[in-house]
Amino acid sequence: MRFAKRKWLWALIVLFGLLAAALVVPFLVPLEGYIPGLTKRVSDAIGEPVSITDLRLQLLPTPRVAIIDLKLGRKSEVSIERASIVPDLLLLVSGEVVLHEIRADGVRIKASALDLLKKLPKGGGSGGVLVRRIVLRHVNYEQRALRLPEFNVTVDLSVVPAATVVRLSTDDGAFKATLDPQEAGGSRLSIRARNWRLPFAVMPLFFESLEANGVLQNGRLNLPDVKGKLYGGTLAGSLDLRWDKRWGIDGKADLAGVNVVPVQSALGKPAKLSGQLNANAKYSARARTAAELSGTIWVDAPFEVLGGEWHGGGLSRVGGVPLGKLGRGGTTRFERFRGDFTLRGRRMEVNKICVRSPSLVAAGNIAIAPDQTLSGKLDVSVAKTGGFVGVPVAVAGTTADPSISLTKAGVIGAVVGTVLLPGIGTSIGLSAGSRLEGKTECQ
């Protein structure tokens, strides 16, 4: 019994001795002298300045070198609060330099760092050093057009670069992506998201679910199968992104049954329109850099909105001429609103507009300038009159505060009709004014 007690006592003494050594050794082994040589070696490898505030040796939980406050680049394009390098001790004794893991916490990456990262050594090893795993925690990517939440990245490296496996996830677990190598080359990409918001500043749409599968290879990301659920509706589409020589993007997005009210709120717009949206969009863009893509994008999207209302700028009464009892407070109810939406850079147009309700039919074209001002013309007619009782109206104002008024031809027609035949002549004159300008039909 006494022998057993002594054995446990010696075990505790050894354990506390190791703990004490783990706390004391980092302060007994000065590593500051290695900082200039280490920073120079890394700087020579990437062609950019490198700085380190402190360098420490730690024994727990496993022997490792800790790096404090690491910065890469002339403008600190990449900064890391704390990093650790864990060597494989058994292989180190045999003369091989193998790093079991490189771990970095509190990583901040600026958009300008993309060019810097291209200079990093490719593959799992460089200069006789083999790296098995890279772990990045709490990563912040700073880009004006993107609003990325903090995310984590794990890279399992291999001697063969094509066998590298990458896993990415946001801190909240809402978004996960995996890159797995393929035998034919490149990597298979799988994306899964739940209750996740798109990180694009101009389009922060919220997805109840999103799934995408495709291939990443030779400066190209091809996602032919994208499916999602958003705002009570569904999305089915594709995306083809390239950045080998110039940046380019092509794809399509088919929407069905999407509630347009929360979509407008997500985009920071007043909810003027309600109803269920169906659309078949195709998009494309070309630019020298990723940041310039949004300014060159074009979109063609035939659409329809079913069973909704337009709030503000009601069409039921224009210039004092009533066109049916369509609602109160400037609200226009409709059964179907369809048209062709086009986007060229920052200029938008809605052509072949056709709005139908039991009391009203409207057709025309509207343009939206980069400053959100509106211009265009609508032919508004009382339903079931064959356009006989109608008004040509001009659209103006802004997307936030649109306005409609009689066109010049409409005013002339109304005046002439009222003089020749008071009462019904006003409507006849308005309809004549519409035809004078070239009436737009609602097919």
Side-chain angles (χ1 to χ4, degrees), residues 198 200-206 226 228 230-239 249-286 293-313 315 332 334-357 361-380 393-402 404 440-443:
L198 276 179
F200 305 111
V202 296
M203 193 176 293
L205 299 179
F206 183 82
V226 180
L230 70 166
Y231 306 112
T234 60
L235 163 72
S238 64
L239 181 147
I249 186 171
D250 296 277
K252 65 177 183 178
D254 297 331
L255 299 170
V258 176
N259 186 350
V260 299
V261 172
V263 171
Q264 294 166 89
S265 299
L267 298 177
K269 307 292 185 182
K272 299 282 189 179
L273 182 68
S274 65
Q276 305 299 311
L277 170 67
N278 301 318
N280 302 106
K282 294 182 179 180
Y283 59 90
S284 180
R286 302 288 185 273
L293 278 176
S294 61
T296 65
I297 192 168
W298 64 259
V299 178
D300 286 326
F303 71 92
E304 66 175 4
V305 182
L306 303 178
E309 295 181 345
W310 171 260
H311 302 277
L315 299 175
T332 302
F334 58 84
E335 296 172 340
R336 186 185 187 195
F337 167 27
R338 64 177 174 81
D340 289 345
F341 172 83
T342 62
L343 172 65
R344 298 293 184 267
R346 295 179 58 198
R347 185 172 181 83
M348 295 174 278
E349 292 184 359
V350 185
N351 297 311
K352 298 182 180 179
I353 294 173
C354 179
V355 182
R356 287 187 177 276
S357 77
V361 176
N365 305 289
I366 297 175
I368 306 172
D371 62 358
Q372 301 299 298
T373 57
L374 301 174
S375 61
K377 185 177 78 74
L378 295 174
D379 289 305
V380 185
V393 299
V395 180
T398 66
T399 54
D401 185 23
I404 56 176
T440 305
E441 299 294 335
C442 186
Q443 302 295 330

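Contact annotation: the side chain of E349 never approaches that of F341 to less than 4.5 Å [non-hydrogen atoms, C-beta and beyond]. Proximity of V305 to S274: side-chain heavy atoms (C-beta onward) are nowhere separated by under 4.5 Å. Looking at heavy atoms from C-beta onward, L230 lies in side-chain contact with L235 at the 4.5 angstrom threshold.
Of all the heavy atoms in D340 and F303, the pair that sits closest is N-CE2, 4.0 Å. Of all heavy-atom pairs spanning N351 and N365, the tightest one is CA-OD1, 3.2 Å. Closest approach of A301 and A281 over heavy atoms only: CB-CB, 3.7 Å. Nearest heavy atom pair, residue R347 against residue P370, reads NH1-CD, 4.4 Å. In terms of heavy atoms, A266 sits closest to Y231 at CB-OH, 3.5 Å. Heavy atoms only, all atoms of each residue included: V226 and S238 are closest at CG2-CA, 4.2 Å.
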Step-by-step side-chain contact (heavy atoms from CB on, under 4.5 Å) determination, F337 to E304: CA-CA 5 Å; F337 167 27; E304 66 175 4; over 6 Å; no
Pair V263-V258, side-chain contact (heavy atoms from CB on, under 4.5 Å): steps then yes or no: CA-CA 8 Å; V263 171; V258 176; 3.8 Å; yes
Working for side-chain contact (heavy atoms from CB on, under 4.5 Å), residues Q264 and L273: CA-CA 8 Å; Q264 294 166 89; L273 182 68; 3.9 Å; yes
side-chain contact (heavy atoms from CB on, under 4.5 Å) between Q372 and K269, worked out: CA-CA 11 Å; Q372 301 299 298; K269 307 292 185 182; 3.5 Å; yes
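The 12-atom threshold is exceeded at CZ of R344, counting heavy atoms of other residues, nucleotides or ligands nearer than 6.0 Å.
In this structure, D371 CG and T398 OG1 are separated by 9.0 Å, a value rounded to the nearest 0.5 Å. To the nearest 0.5 angstrom, F206 atom CZ is 14.0 Å from S265 atom OG. How far CD of Q276 is from CG of L255: 12.0 Å, rounded to the nearest 0.5 Å. To the nearest 0.5 angstrom, R356 atom CZ is 8.5 Å from R336 atom CZ. One distance of note links CZ of R338 with CD1 of I353; it measures 11.0 Å at 0.5 Å rounding. With rounding to the nearest 0.5 angstrom, the OG1 atom of T296 is 13.0 Å from the CZ atom of R346.
Taking a cutoff of 4.0 Å between a charged side-chain nitrogen and a carboxylate oxygen, R286 and D250 qualify as a salt bridge.
Each of T342, N280, L343 was scored for a side chain to side chain contact (heavy atoms under 4.5 Å, CB included) with D300, with one residue passing: T342.
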